[in-house]
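Please read the structure below before turning to the comments.
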Amino acid sequence: MSLTPLSDARRRAAEAAAALCGPGVDTPLDAAHGALLAAPVHALQSIPHAATSAMDGWAIRGEGPWRPHDEAPSGPGSSERTALSPVDPRPALEDGEAVAVVTGSPIPAGTTSVLRSEHARLDQGSDGHRLLHADPGSEDVEPGRHLRPSGSEAADGEVLLSSGERLTPARAAMAAVAGHDTVLIHPLPRVRLICTGEEVITSGLPGPGQVRDAFEISVPAAVAAMGGRMAGVHRVGDDASALTRRLREAIADGVGLVLTTGGTARSEADALRAALQDLGAEPLVDSVDMRPGHPAVLARVGGTLVLGLPGNPLAGFAALAALGQVALDALRGVPAEAAVGLPRSTSSQPLEGARRGLRLLPVELHDDGVGPVGHDKPHMMRGLASADAFALVPPGGLEAGATVEVLPLAWQAGSTPLSRRST
Ligand SMILES: Nc1nc2c(c(=O)[nH]1)N[C@H]1C(S)=C(S)[C@@H](COP(=O)(O)OP(=O)(O)OC[C@H]3O[C@@H](n4cnc5c(N)ncnc54)[C@H](O)[C@@H]3O)O[C@H]1N2
Ligand code: MOO
């Protein structure tokens, strides 16, 4: 058995995954959410593309009072109720002229400002024609008030979103406003889960010799939080040929990452390594120098990465966080170098190490750093259920106040651990 240091295993995972990440796929905006952009997004024209009004009211030119063109806005300051289209073209204004506008209307050439309807008053001039007046002291007569000049948000051709940025809802809206129907993205990697173990049951109370499945119910949500997209879940029990068949199927389907659970140890009952060998897989990591999770396996077959998660629940999650996340990051377009980087924290209490290898210790975040949560044996889930991260504790452990690398748990992102602690 060759034990790979975790940092090397992460680097191999990142590099292998990065090599499988394509150049980008042109994708409709509504199907691209959450993906990383494979190319910058430019403004296809100036934004706004025409000068527009920011208020309902009157586009005015020069000093008042003003002679209104023949329509009037609705609301205060108006005696008429005329439906105005925000896209009507408007003739240029002469000095002392006004024209009704609504929010977003293109404003006529020559407009000096927009007078809000509630600051405006129309009356009959001495010559019998209507005259528009601004309320005394209204700041709306100052040049430039309530105008949105063409190009004030972006110039034609300006870069609005950079390659590598994640397409959030706000960025998708930005791309749409800039005139795009599609964007070039790295599609979210497709992930398939294959669970082994005849003794594993998926509902109810386990009887003698049985365990309740910890993965089928959780890994799909974890994968979604980690930036992947589930593409099928299978159970193969202890049938080694079924495992090989399902793996072959996933590879033929072009799935980016296959996660298997169980069967990573080296007894005769554990079939994963043999199945990978049958499939002609290129081994990347045979075992990792970490506890728990050391039997984790990583291999590449064609365009698919296979990550074998150990069956012990905490060990499986440790391998998922340690190797699954980095592989998914690189598959979804994060450069390998960035994908392997890990944040650091401070140990708020002494952190006990493992007898051998790096210990992946479930920890919670306190104001003064990370501390253990307990219930952290490889077969347990209770500790991880309240953890914010795994701390990477070297052999020998760490004193309180020491700097420690942490593996964040993607599904914890957005939770508020500090406020949660105080309740
Ligand atoms: N002789 C050795 N035995 C074991 C070794 C070893 O080096 N030599 N390593 C131990 C370590 S460490 C781990 S971790 C596990 C790895 O086990 P496998 O990946 O082969 O998984 P299984 O043997 O199938 O199951 C182990 C354990 O986990 C339970 N399990 C399996 N699947 C699930 C599931 N979906 N949900 C919940 N629990 C599950 C299973 O019932 C077993 O109790 O091997 C050690 N043994
Ligand atoms: O390393 Mo095992 O993964 O202790 O549970």
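Order of listing sets the numbers, starting from 1, for every ligand and every atom in it.
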Classify the ring geometry between Phe215 and Phe317 as parallel (under 30°), tilted (30 to 60°) or perpendicular (over 60°).
tilted

Hey, is Pro313 touching ligand 1 through its side chain, its backbone, both or neither, going by heavy atoms under 4.0 Å?
side chain

Could you walk me through whether Val191 and Val258 pass the side-chain contact (heavy atoms from CB on, under 4.5 Å) check?
CA-CA 6 Å; Val191 180; Val258 177; over 6 Å; no

Contact region, Val211 to ligand 1, non-hydrogen atoms below 4.0 Å, reads side chain

May I ask you to decide whether Arg273 forms a salt bridge with Asp286, counting only side-chain N to carboxylate O separations under 4.0 Å?
yes

Please check whether Pro295 reaches ligand 1 - meaning an N/O of the residue sits under 3.5 Å from an N/O of the ligand, judged on distance alone.
no

Under 4.0 Å between a side-chain nitrogen and a carboxylate oxygen: does that hold for Asp253 and Arg190?
no

Are side-chain N/O atoms of Asp388 and Gln412 paired as donor and acceptor at under 3.5 Å?
yes

So is Gly263 close enough to ligand 1, meaning a heavy atom under 4.0 angstrom away?
yes

Reported OG-to-CE distance for the pair Ser7 and Met290, which is rounded to 0.5 angstrom:
12.0 Å

Glu199 to ligand 1: N or O pair under 3.5 Å?
yes

What about Phe215: any of its N or O atoms under 3.5 Å from an N or O on ligand 1?
no

Would you kindly specify which portion of His294 sits under 4.0 Å from ligand 1, judged on non-hydrogen atoms: side chain, backbone, both or neither?
side chain

What are the atoms of ligand 1, with element, lying closer than 4.0 Å to any heavy atom of Ala315?
14 (S)

What do you reckon, does Gly293 have a nitrogen or oxygen under 3.5 Å from a nitrogen or oxygen of ligand 2?
yes

Any side-chain heavy-atom pair from Leu342 and Val406 closer than 4.5 angstrom?
no

I want to know if ligand 2 touches Arg291 in the polar sense, i.e. an N/O pair below 3.5 angstrom.
no

In terms of atom number and element, which parts of ligand 1 are under 4.0 angstrom from non-hydrogen atoms of Asp213?
34 (C), 35 (N), 36 (N)

Can you find an N or O of Asn312 that's nearer than 3.5 Å to an N or O of ligand 1?
yes

Using a 4.0 Å cut-off to any heavy atom of His294, which atoms of ligand 2 qualify?
1 (O), 3 (O)

Check each of Gly311, Ala214, Ala318, Pro206 against atom 38 (N) of ligand 1 and report the one with the nearest heavy atom.
Gly311

Salt bridge (charged side-chain N to carboxylate O under 4.0 Å, His left out) evaluation trace for Arg116 with Glu139
CA-CA 10 Å; Arg116 277 170 287 177; Glu139 64 275 20; 3.5 Å; yes

Would you mind telling me if ligand 1 is within reach of the side chain of Ala265, the backbone, both or neither, using heavy atoms under 4.0 Å?
both

For ligand 1, does His379 get within less than 4.0 Å through its side chain, its backbone, both, or neither, judged by non-hydrogen atoms?
neither

Under 4.0 Å between a side-chain nitrogen and a carboxylate oxygen: does that hold for Asp289 and Arg356?
no

The closest protein heavy-atom partner of atom 4 (O) of ligand 2 is Pro378 CG, 3.2 Å

Checking heavy atoms under 4.0 Å, the part of Val200 that sits near ligand 1 is side chain

Show me which atoms of ligand 1 lie under 4.0 Å from any heavy atom of Arg212.
36 (N), 37 (C)

Could you tell me whether Glu15 and Arg10 have a side-chain N and a carboxylate O separated by less than 4.0 Å?
no

Identify whether the distance between the nearest side-chain nitrogen and carboxylate oxygen of Glu198 and Arg235 falls below 4.0 Å.
no

Inspect the contact between Glu249 and Arg246 and indicate whether a charged nitrogen and a carboxylate oxygen are less than 4.0 angstrom apart.
yes

Report, in ascending order of atom number, the atoms of ligand 2 lying under 4.0 Å from any heavy atom of Pro295.
1 (O), 3 (O)

Answer with yes or no whether the side chains of Ser113 and Asp140 bring together a donor and an acceptor at under 3.5 Å.
no

Ligand 2 atoms in contact with Pro292 (distance to a heavy atom under 4.0 Å)
1 (O), 3 (O), 4 (O), 5 (O)

